[in-house]
Novice: 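Here you go, one structure.
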Amino acid sequence: MENEKLRGSHVISRIFYFYLDGFRSMTTGKTLWTIILIKLFIIFFILKLFFFPDFLNTRYDNDDERAAHVAKELTSVPSEQTPF
Amino acid sequence: MEDLYSLVDWSRAQFALTAMFHWLFVPLTLGLGLIICCMETLYYRSGDVRWKHITKFWANLFGVNFALGVATGIILEFQFGTNWSNYSWFVGDIFGAPLAIEGIMAFFMESTFIAIMFFGWNKVSKGVHLASTWLTVIGASISALWILVANAWMQYPTGMQFNPDTVRNEMVDFFAVLLSPVALNKFFHSVTAGWVLGAVFVIAVSAWFLWKKRETFLAEKSMKVAAWVGFAGILLVSYTGDGSAYQVAEKQPMKLAAMEGIYEGSNGQGLVAFGILNPAKKSYNDAEDPFLFKIEIPRLLSLLATRDADGYVAGIENIIDGGYPVKNAAGEWVTAPSANDRIVEGRAAIQALADYQAATKAGDVAAATDAALRLEQNYPSFGYGYVNDLAQLVPHVPLTFYSFHIMIILGGYFVVLFVVVLLFSYKKMLARYTWLLWVFMLSLPLGYICLEAGWIVAEVGRQPWVIQDIMPTFSAISRIETSAVQTTFWLFAVLFTVLVVAEVGIMLKQIKKGSELK
């Protein structure tokens, strides 16, 4: 029945129905997809947005300023050090 | 400074937690994937529908592991941008390019073919389905390649040039990065270690079926395939592990010294087969004996590390003091510099970078040229300039030593395990001894311990470096609040625990359900 529906149709429709039938017939897969979607939501919409801002991109507008910041960070440290 | 080290420690702990959690899923995907490929190939070649059901059963477990593990590695990339911004900027496209390729390949290759692998039964031909299964697993392995190339570059930076204008390392030779001996060894070592874990997993689950007197056909057939994959895997792991140790001896001698607990090097150095470190030894240069007890195989470490049984292997004190013969990048024998020499060079490099920045801002071309030259000359020791205590150059010896020896001992155990499974399989005696089935089942956690121990050796052993000799952890860090890192550390701990519990729960449910094979 499904194969008859797919046969002769456009390749995009066949791919669409391939995925649609696949998702419909899932059993454990539905639980797994739920976990994946919750996980992706937590990772990208909670962790990334609220806890993991890009340090340099959020503080500096362009690459020159970012490079200047890193250069300052990397060249200012030795003066704080005690002699070995 | 104390705050800085607390921040560094928490950031390291968070990265370690995330990486170790991610590393629970990846090797099982690689190993179980290959075993499924072998099983489906048997179905394709024999036409025996029982192999199809066996393949589908293990593919379901593969799917559970894949789904729970997917995107857990992304969190590592978040941490680079937030916690390790100096590092992220400093490595430039060298680190970004492999990760970007990995992301694209993972998305297109794995997501396309995994759909056919799971949805395509009875919808595509047997050949197309088999090809899709193989391509899913090959895609996953190639994804691992790019991640390991990036990691290998941190252990052995090559194919790049530092640009003092952008304060970034820029890739000048893509193939030097891709094909560095460290990258190749690391890739094959990690992937084949995944085969071992996949095999141990299949053997353990199959042993449970035999113990329960269920699915005996599936269990016996699966164990045989898994044991062959595992046996091939462990042999390749040994071979690539030997290659890795040789690379470590050349490029990260401090890591090798920590792996073996060597403080005083010598010619004809023995390999510690088993040892208990002396907890009273607190510093690399105190008078305490490093070992309470050890069993050593004479001259073997020299042979493995230098390919000469009388070759010289440096200890931690020697590496700090320098003065021993060592091969340079051109393959010539030179005298190893002391750590203090390298600290002087490192500080000269950092001062040269500061001078270059000032001269460029002032438009003083001559001074900038002079500074750039000094920077280039001293750049190989750049990271040493941030060291203010020689003890910072010594990794955590007990953790590195014990992890290395646990990995080696378990590696040896798995050789025996796979041989035993094969022997009993061909004699059709797999289900005869209950105690043996329990040994097979209890081997599963050992597989995970072995692989995590390997990761600890690779990563803890290279401390303090995020980029070997060029950047230590304490200059790679972002100046953020320690409390922010602590908060996200505990958030991850909760999230990962929930995911592991979900994985184990769904896996157990699937295993108990069994296959469609009647």
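We name chains A, B, ... by the order of the sequence lines, and we start the count at 1 in each one.
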Novice: Can you name the nearest heavy-atom pair linking T28(A) to Q510(B), along with the distance?
Specialist: OG1-NE2, 2.5 Å
Novice: Taking side chain as everything from C-beta outward and backbone as N, CA, C, O, which of these in D64(A) sits under 4.5 Å from a heavy atom of chain B? Side chain, backbone, both or neither.
Specialist: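 Contact with chain B is absent: no heavy atom of D64(A) under 4.5 Å.
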Novice: Hey, what do you get for CZ (R168(B)) to CG (D63(A)), rounding to the nearest 0.5 Å?
Specialist: 6.0 Å
Novice: Could you walk me through whether F78(B) and F51(A) satisfy the ring pair (Phe, Tyr, Trp, His ring centres under 6.0 Å) test, starting with their C-alpha distance in whole Å, then the side-chain angles of each, then the deciding distance to 0.1 Å, before giving a yes or no?
Specialist: CA-CA 9 Å; F78(B) 294 171; F51(A) 294 99; over 10 Å; no
Novice: Might you confirm whether atom NZ of K509(B) has over 12 heavy atoms from other residues, nucleotides or ligands at distances under 6.0 Å?
Specialist: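 At most 12 heavy atoms, drawn from other residues, nucleotides or ligands, come within 6.0 Å of this atom.
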Novice: How about F119(B) and M26(A): do any of their side-chain heavy atoms sit closer than 4.5 Å?
Specialist: yes
Novice: With a 4.5 angstrom heavy-atom cut-off, could you sort out which part of F66(B) is near chain A: side chain, backbone, both or neither?
Specialist: neither
Novice: By a 4.5 Å heavy-atom criterion (distance strictly below it), what part of K48(A) contacts chain B: side chain, backbone, both, or neither?
Specialist: both
Novice: If I measure from the heavy atoms of chain A, does I506(B) come under 4.5 Å with its side chain, its backbone, both, or neither?
Specialist: side chain
Novice: Say you draw a straight line from CD1 of I38(A) to CG of L499(B); how long is it, rounded to the nearest 0.5 Å?
Specialist: 10.0 Å
Novice: Contact part of I46(A) toward chain B, heavy-atom cut-off under 4.5 Å: side chain, backbone, both or neither?
Specialist: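 Contact with chain B is absent: no heavy atom of I46(A) under 4.5 Å.
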Novice: Please state whether the side chain, the backbone, both or neither of I116(B) comes within less than 4.5 Å of a heavy atom of chain A.
Specialist: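 It is both, since atoms from each part get that close.
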Novice: Pick one of side chain, backbone, both or neither for S25(A), based on which atoms fall under 4.5 Å of a heavy atom in chain B.
Specialist: neither
Novice: Test side-chain contact (heavy atoms from CB on, under 4.5 Å) on L74(A) and M471(B) and set out the steps.
Specialist: CA-CA 10 Å; L74(A) 295 183; M471(B) 180 176 257; 3.8 Å; yes
Novice: Minimum heavy-atom separation for A502(B) and I35(A), please, with both atom names.
Specialist: CB-CD1, 4.3 Å
Novice: Considering only heavy atoms and a distance below 4.5 Å, find which of A71(A), A68(A), G29(A) pairs most often with chain B.
Specialist: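 Of the candidates given, the most pairs with chain B belong to A71(A).
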Novice: With only heavy atoms counted, which part of A484(B) is less than 4.5 Å from chain A, the side chain, the backbone, both or neither?
Specialist: neither
Novice: By a 4.5 Å heavy-atom criterion (distance strictly below it), what part of L68(B) contacts chain A: side chain, backbone, both, or neither?
Specialist: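 Both backbone and side chain of L68(B) come within 4.5 Å of chain A.
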Novice: Keeping K39(A) on the side-chain end and A67(B) on the backbone end, is there a donor-acceptor pair under 3.5 Å?
Specialist: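 Yes, the answer is positive, given that a donor and an acceptor are paired below the 3.5 Å cut-off.
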Novice: Give, as side chain, backbone, both or neither, the part of I43(A) having an atom under 4.5 angstrom from any heavy atom of chain B.
Specialist: both
Novice: Given side chains that start at C-beta, do those of N83(B) and F55(A) come closer than 4.5 Å, heavy atoms only?
Specialist: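 Contact flag for N83(B)/F55(A) side chains = no.
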Novice: Quick one: what part of S88(B) sits under 4.5 Å from any heavy atom of chain A, side chain, backbone, both or neither?
Specialist: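 Neither part, no heavy atoms under 4.5 Å.
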Novice: Quick one: are V64(B) and L32(A) in side-chain contact, heavy atoms under 4.5 Å?
Specialist: yes
Novice: Heavy-atom distances under 4.5 Å only: say whether T488(B) touches chain A with side chain, backbone, both or neither.
Specialist: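 Contact with chain A is through the side chain of T488(B) alone.
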Novice: Counting C-beta onward and ignoring hydrogens, is there a side-chain heavy-atom pair between R66(A) and V167(B) closer than 4.5 Å?
Specialist: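 R66(A) does not reach V167(B) side chain to side chain.
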Novice: With rounding to the nearest 0.5 angstrom, report the CG to OG1 distance, L353(B) to T75(A).
Specialist: 6.0 Å
Novice: What I'd like to find out is whether the side chain of Q357(B) reaches to under 4.5 Å of the side chain of K72(A), using heavy atoms alone.
Specialist: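 The answer is no, as the side chains (C-beta and beyond) never meet within the 4.5 Å cut-off.
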Novice: Quick one, V70(B) and L40(A) - any side-chain contact, counting heavy atoms below 4.5 Å?
Specialist: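 Result no, sub-4.5 Å side-chain heavy-atom pair not found.
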